[in-house]
Every structure is written in structure tokens, then in C-alpha cells.
Novice: 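Pasting a structure here, questions to come.
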Amino acid sequence: MDTPFTTIAVVGLGTMGTGIAEVLARAGREVIGIDIDQAAARRAVASLEASTARAVRRERLTERERGDVLARFRTFSDLSAAADAELVIEVVPESYEIKQQVIRELDAVVAPGAILATGTNALSVTRLAAESLRPERVLGLHFFNPAPAMKLVEVVSSVLTAPPAVEAVTALARELGKEPVAVGDRPGFVADGLLFGYLNQAAAMYEANYASREDIDAAMRLGCGLPMGPLALLDLIGIDTARTVLEAMYAASHDRLHAPAPVLGQLSEAGLTGRKAGRGFYTYAAPGSQEVVPDARTPHGSASGVPGRTVAAVGVAGSGTMASGIAEVFAKAGYAVVLAARSQEKADAAKGRIAASLERSVAKGRLTAEARDETLARIAPAGSLDAFAEVDLAVEAVAEDLLVKQQLFATLDKVCKPGAVLATTTSSLPVVSVARATSRPGDVVGMHFFNPAPAMKLVEVVRTVLTADDAHATVREVCAKVRKHPVDCGDRAGFIVNALLFPYLNNAIKMVEEHYATLDDIDAAMKLGGGYPMGPFELLDVVGLDVSLAIEKVLHQEFRDPGLAPAPLLEHLVAAGCLGRKTGRGFREHTRR
């Protein structure tokens with residue numbers, strides 16, 4: 001099956017088929033585009049004409065090269081046009097019936113040595129291959145949208161696929177400038193297998209009224225560095241498409257995390273399938289438009305309309321990286337800051353870290369020497385919480401241990417003046433349990449910063465059933481003054497970010513446990529196919545495997561979902577002391593500094 005693939009047919013000229021055809025034509029292949037809908041074929045030609053015209057304007061193609069590309073793309077309405085193709089890529093709708101019919105018809109048309117590739121991202125390649133007279137030459141070739149821009153291609157083998165077919169298609173992907181990842185046949189493969197579980201959980205979180213669509217999306221963009229929030233991404237993918245993928249995943253896994261959230265079915269049945277329909281989770285200016293327009297669910301101003309309390313002085317309790325970072329944030333914003341630790345020496349050391357951080361900002365031209373000195377002058381290190389007597393807002397950033405935090409809040413209750421807001425930075429513990437350690441639980445709120453605090457824009461504002469409206473409003477107003485983006489969420493495990501992030505990380509570990517894909521392939525798939533700034537195993541080693549395991553346990557304990565049970569491999573690595581970068585070894589080896 002060693003073939004140069006000079007002539008390739010693409011069956012189905014929707015968005016994905018058109019994109020694949022463009023990639024192939026620009027790479028010098030003769031492309032036969034086939035679609036029973038002549039209007040779709042005309043749109044595909046127009047799309048290629050427009051994209052190549054843009055490339056000429058940007059001096060990426062000459063006019064002569066553009067003419068050659070356009071000449072290599074021909075469209076037809078009948079599958080018989082694929083007779084001379086050495087490779088056929090089908091990207092027809094995600095339906096077994098439709099895809100199986102295409103494969104059966106192609107069997108009668110193409111040469112015996114031609115390879116048939118399905119572009120499915122949800123259906124069984126094995127089941128599709130079984131429809132062919134020559135299943136050994138059927139495989140999956142999963143491009144990502146938009147195909148001309150996205151580097152990842154998943155090359156999917158079934159138990160029937162001949163290795164030479166896989167090798168030939170993999171070589172083609174590399175020639176096209178793509179990054180091929182070899183995967184086995186399971187719904188969603190690697191990238192969508194991890195992505196759609198996360199998207200489904202985000203839809204369920206929204207459906208449960210836990211957080212607004214805007215806050216869920218902002219939390220994942222700002223807290224994880226993702227290019228799009230999950231609900232906006234569902235609208236882009238198509239809510240009906242997402243539901244189809246999840247149905248296929250659930251049929252194979254029976255994992256509740258893959259059972260489509262009811263809201264996906266409701267929106268699909270109503271025809272509210274996302275951008276293409278002009279409305280999904282968000283409302284758009286027109287079908288196909290990316291412009292979001294206000295609707296009945298668009299937030300307007302403060303949720304409660306209650307003004308916050310006056311905050312002039314802030315106390316930060318703790319001496320670690322997070323405490324230092326939070327103190328720096330407040331001092332830069334002009335607040336008088338008391339930085340309290342268990343000893344004066346620890347408090348002085350924490351201020352020293354802030355000085356070093358500010359010095360780096362000066363060296364990079366982000367801060368003037370004068371601003372550095374003014375910021376440092378606002379920070380008063382103290383060896384006791386007694387120094388918090390006059391602060392208006394007290395923020396703790398101590399160990400993630402409930403007893404430790406409860407003891408600290410009991411002390412703050414005695415030390416801080418009446419009316420002071422008491423905030424915990426916990427990322428996994430119940431805020432109400434901390435609040436109940438005081439005689440004023442209405443003054444207690446969660447204020448979850450992300451590390452490093454000076455750089456990360458997100459703050460999850462967590463109110464309990466006891467939090468007073470003006471205490472909640474105070475924290476939101478303070479976030480605006482320190483140039484952070486607050487998102488509101490209730491007091492449950494993981495809040496928004498960790499509740500969506502860590503099940504995704506856990507599922508990636510399970511893929512490795514099952515020998516489905518390698519660490520490197522999974523990391524590459526999520527960076528290239530999902531736009532993630534780091535792959536899941538890179539991120540786990542940075543966060544710390546012990547921290548990750550603790551959060552997984554909290555999520556599993558609260559939601560009691562078997563799918564959230566920590567992967568045994570994660571538990572084994574933590575038990576062996578392999579905690580990630582900080583110990584020199586986690587999922588990978590690291591050079592310790």
C-alpha cells in the first residue's frame with residue numbers, strides 16, 4: 001500500500017471537507033471533491049477562492065500558485081468520480097447509516113489498493129470498516145476544525161487495519177505539515193475523548209444554575225488559559241454534534257460523565273444548535289455569525305444591587321508563594337497591606353520575595369522604580385495576626401487543611417474589627433465550614449486566587465448560604481480595583497475551574513493506564529487539537545501530583561460519581577513520592593533546581 005497519494009477524493013464538502021480539500025490542494029495533490037448537494041460544492045469552490053485570494057494579499061502565495069491550487073480542485077456530485085483516487089476521505093454527517101452506505105458504494109468504485117479514510121470523531125471505525133469488502137484498507141483520519149490551521153491529525157486504526165495503510169496515511173499527514181498521532185478505535189479518540197467529557201460537565205454545571213454561562217466561560221479562559229470557554233465552544237462545534245459524540249462515548253464507556261447533559265438534548269430538539277443556528281447557549285447576531293448579542297440571560301450590573309463595604313486596609317495571612325503574591329496584588333493597587341505570618345522572620349522573608357518580584361518587573365520595564373518603592377512601602381510585615389485589628393478585609397492563604405483554616409478564622413474572629421470581611425483562598429475545602437468557626441459567618445466569603453496571583457486575572461468569589469450580600473459585593477468591588485476578573489460560584493467542591501479541570505486530568509491518566517495512548521501523544525493532542533497551553537501531564541507535574549490527588553478525592557467524596565474516583569496510577573505515583581517537578585519526577589523526569 002505504499003502510495004504517493006497524488007489523487008485524493010474528499011466526500012462531503014461541508015466546513016470540514018472543504019478545509020481538508022484546501023489543505024490537500026495547497027500541498028500539490030489533485031483533489032476530487034464530491035457532494036450530492038451542488039450548492040455545497042459551489043460554496044467549497046468559493047471558499048477556496050476566497051482563502052487563496054487572502055493568501056495572495058498576505059504574500060503567502062503568488063497569483064500563479066493560486067491558479068495552480070484552484071485548478072487542482074474539481075467538484076462532482078457522484079461517487080463514481082472517486083474511481084482514480086488512491087485515497088478517499090469521507091466527511092459526511094455523523095451517521096452509521098450514511099457513512100456505511102458511502103463505504104459500500106466506494107467499494108464498487110475505487111481500485112483494490114485504494115485506502116478509505118473516515119473522518120468520524122464519534123463513530124466506531126471498526127464497525128464502519130466491517131462494511132467494506134476490504135476492511136484492512138479502512139482507517140480513521142480525524143482532522144480538526146479549521147483544517148488548514150489546526151496541526152493535529154488523529155490516525156485511527158481498527159483491529160482490521162493493515163499497518164502499511166496506517167504508515168502511508170501517517171506519512172501523508174506529515175507531508176501536509178500536520179502532527180499525526182496514532183490512536184486506537186474508541187469514541188472520541190484522544191482529543192475529543194477528553195474534550196467532550198469536560199464540555200458535558202460544563203453544560204451540566206450551567207444547567208444546574210451553579211454559575212452563569214459568562215462566568216463558566218471566563219473561569220476556564222482566565223483560570224486555565226484556554227482560547228474559548230466551554231459553552232462558547234459548544235456553540236461553535238454545534239450542540240447537536242456534541243450530543244452525538246457524547247451519545248457514542250456513553251454507549252461505549254457507560255461513564256456518567258459522558259451521559260449527555262439534558263440541556264444539550266433540549267437545545268438540539270429546539271433547533272438551538274449554536275452559532276450555525278444563531279442561538280445556542282448564547283445568542284448571535286445572525287446564523288453563522290460569531291458576534292454575541294445580549295439576550296434575556298445577559299447579566300446586568302450587580303446581582304444583588306447591594307453596595308459593598310469600604311476597604312482601605314487589607315490583611316494577608318500566610319508566608320508562602322500565594323500569600324506573597326496576593327499581598328503584592330493589593331499593594332500594587334494602592335491598599336495598605338498587613339502581611340502576617342507565624343513569626344516576624346517569616347513575614348520579613350515573604351516581603352523579601354515580593355521585593356524580588358517587583359524588581360523583576362522593573363528589570364522588564366513593566367514597573368518603574370518609583371512604583372516599586374511605593375508598593376513596598378504599603379506592605380507592613382507582622383509576626384502575629386494581632387496586627388489585623390484595623391484591616392477592612394482579611395485574606396488567608398495558609399495550608400490547605402480544614403483544621404488549620406478553622407483555627408485561623410477563630411483567631412480572626414477575635415482580632416478583626418466588626419464589619420471586616422474575612423476571606424479564604426481555599427481551592428477545595430467547604431467555605432461554610434471555615435465560616436462556622438467564627439461568630440460572624442455572614443462576613444465570610446471565598447476568594448480563590450490562582451497562582452501566580454500577580455499574573456492570573458481570575459478570582460472565584462464563593463458565597464455560602466450564610467454570606468451576607470454586602471460582604472459578597474465587597475469582594476467583587478475589591479476584585480475590580482485590583483484588576484482581577486471575579487466569577488461567582490456557590491460553595492461546593494472544586495468551584496468552577498477545579499471541578500471542570502481535574503476530571504479531565506483524571507481521564508487523561510486513565511487513558512495511559514489503559515495503554516490507549518502515550519503521555520506524549522495525549523499532551524500533543526490536547527495542545528494541537530484543543531488549543532490547551534499545556535498538555536494534561538505537563539500540567540499535572542506543574543500543579544503537583546499530591547495536590548491533584550487531594551482535589552480529585554474531594555470531588556469524588558462530594559459528588560459520589562464513580563467516574564471521578566482518582567486514577568490508581570495517580571495514587572501509586574503519589575505513594576512513591578513522585579509528585580512532579582517539585583520532586584524531580586512525576587509523570588516525567590525533571591531536572592531539580
Side-chain angles (χ1 to χ4, degrees), residues 1 9-12 14 16-17 20 34 36 79 82 85 87-110 112-144 153-170 180-197 200 237-238 240-255 257-260 268 507 510-511 514-517 525 529:
M1 293 188 181
V10 178
V11 181
M16 181 59 79
I20 294 171
I34 303 173
I36 57 174
L79 284 176
L87 169 66
V88 181
I89 304 171
E90 72 76 13
V91 264
V92 298
E94 285 289 280
S95 157
Y96 277 116
E97 183 179 355
I98 296 173
K99 290 183 184 290
Q100 287 169 334
Q101 180 180 347
V102 167
I103 289 171
R104 285 193 295 267
E105 291 184 19
L106 286 171
D107 263 345
V109 170
V110 300
I115 295 173
L116 303 183
T118 172
T120 184
N121 65 342
L123 306 181
S124 167
V125 175
T126 306
R127 182 172 166 185
L128 293 173
E131 288 296 312
S132 172
L133 297 175
R134 291 177 287 276
E136 72 280 356
R137 51 83 185 267
V138 179
L139 47 71
L141 194 59
H142 181 211
F143 287 79
F144 287 74
V153 174
E154 291 177 319
V155 181
V156 188
S157 304
S158 77
V159 293
L160 306 170
T161 310
V166 176
E167 292 164 9
V169 169
T170 301
V181 171
V183 297
D185 183 23
R186 63 187 260 179
F189 312 128
V190 172
D192 286 352
L194 293 177
L195 177 65
F196 278 88
N200 192 40
I237 292 168
D240 52 341
T241 300
R243 183 189 181 196
T244 299
V245 173
L246 286 163
E247 289 282 13
M249 290 174 65
Y250 181 70
S253 71
H254 300 292
D255 185 335
L257 297 178
H258 299 150
S268 295
N507 285 337
K510 291 176 183 178
M511 277 190 176
E514 295 163 5
H515 306 288
Y516 177 67

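Hydrogens, waters and symmetry mates play no part in the numbers below; they use all other heavy atoms, side chains included.
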Novice: What heavy-atom pair brings A82 and L106 nearest, and what distance separates the two atoms?
Specialist: CB-CD2, 4.1 Å

Novice: Which is it for K99 and V92 under the side-chain contact (heavy atoms from CB on, under 4.5 Å) test, yes or no, and what are the steps along the way?
Specialist: CA-CA 7 Å; K99 290 183 184 290; V92 298; 3.6 Å; yes

Novice: With a 4.5 Å limit on heavy-atom distance, are the side chains of V166 and L139 in contact?
Specialist: yes

Novice: Quick one: which of V159, T161, V156 gives a side chain to side chain contact (heavy atoms under 4.5 Å, CB included) with D185?
Specialist: V156

Novice: Should V138 and L160 count as side-chain neighbours, where that means a heavy-atom distance under 4.5 Å?
Specialist: no

Novice: Ignoring hydrogens and geometry, is there a side-chain-to-backbone donor-acceptor pair from D107 to L133 under 3.5 Å?
Specialist: yes

Novice: Show the nearest heavy-atom pair for residues P135 and A129, with the distance to one decimal.
Specialist: CB-O, 3.3 Å

Novice: At their closest point, which heavy atom of T126 faces which heavy atom of S158, and how far apart are they?
Specialist: OG1-CB, 3.2 Å

Novice: Do V155 and V183 make a side-chain contact, defined as non-hydrogen atoms from C-beta onward lying under 4.5 Å apart?
Specialist: no

Novice: Do side-chain atoms of E247 reach the backbone of P260 as a donor and acceptor pair under 3.5 angstrom?
Specialist: no

Novice: Hey, what do you get for CD (Q100) to OG (S95), rounding to the nearest 0.5 Å?
Specialist: 8.0 Å

Novice: Under a 3.5 Å distance rule, please check whether T244 uses its side chain to pair with a backbone N or O of D240 as donor and acceptor.
Specialist: yes

Novice: Using a 3.5 Å distance criterion without hydrogens, assess whether the side chain of Y516 forms a donor-acceptor pair with backbone atoms of K510.
Specialist: no

Novice: Decide yes or no for E167 and P163: does some side-chain heavy atom of the first lie under 4.5 Å from some side-chain heavy atom of the second?
Specialist: yes

Novice: Please list all pairs passing the salt bridge (Lys or Arg N to Asp or Glu O under 4.0 Å) test where one or both residues lie in residues 118-133, with sequence neighbours left out.
Specialist: R104-E131

Novice: On a heavy-atom basis, which atom in V190 and which in A525 lie closest, and how many Å separate them?
Specialist: CG1-CB, 3.6 Å

Novice: Indicate the atoms forming the closest heavy-atom contact of V10 with G17, along with that distance.
Specialist: CG1-O, 3.6 Å

Novice: Before giving the answer on side-chain contact (heavy atoms from CB on, under 4.5 Å), spell out for I89 and V11 the whole-Å C-alpha distance, their side-chain angles and the decisive distance to 0.1 Å.
Specialist: CA-CA 6 Å; I89 304 171; V11 181; over 6 Å; no

Novice: Find the distance between CG (D255) and CG (L246) and round it off to the nearest 0.5 Å.
Specialist: 11.0 Å

Novice: Which heavy atom in M249 sits nearest to a heavy atom in F196, and how many Å separate them?
Specialist: SD-CB, 4.0 Å

Novice: Taking the six-membered ring for Trp, are Y250 and H254 parallel (under 30°), tilted (30 to 60°) or perpendicular (over 60°)?
Specialist: perpendicular

Novice: Counting C-beta onward and ignoring hydrogens, is there a side-chain heavy-atom pair between F144 and V153 closer than 4.5 Å?
Specialist: no

Novice: Is it the case that the side chains of Q101 and E105 hold a donor-acceptor pair, with the cut-off being a distance below 3.5 Å and no angle test?
Specialist: yes

Novice: Any side-chain heavy atom of V88 sitting closer than 4.5 Å to one from V110?
Specialist: yes

Novice: Using residues 113-120 as the side-chain source, report each donor-acceptor pair under 3.5 Å to any protein atom, sequence neighbours left out, with the distance given to one decimal.
Specialist:
unit_1	atom_1	unit_2	atom_2	d
T118	OG1	E90	OE2	2.4
T118	OG1	T120	N	3.2
T120	OG1	E94	OE1	2.8
T120	OG1	E94	OE2	3.2
T120	OG1	A122	N	3.1
T120	OG1	L123	N	2.8

Novice: Using only atom types and a distance under 3.5 Å, with no angle test, would you say the side chain of N121 pairs donor to acceptor with the backbone of H142?
Specialist: no

Novice: Flag the pair V125 / F189 as yes when at least one side-chain heavy-atom distance between them is below 4.5 Å, and no otherwise.
Specialist: yes

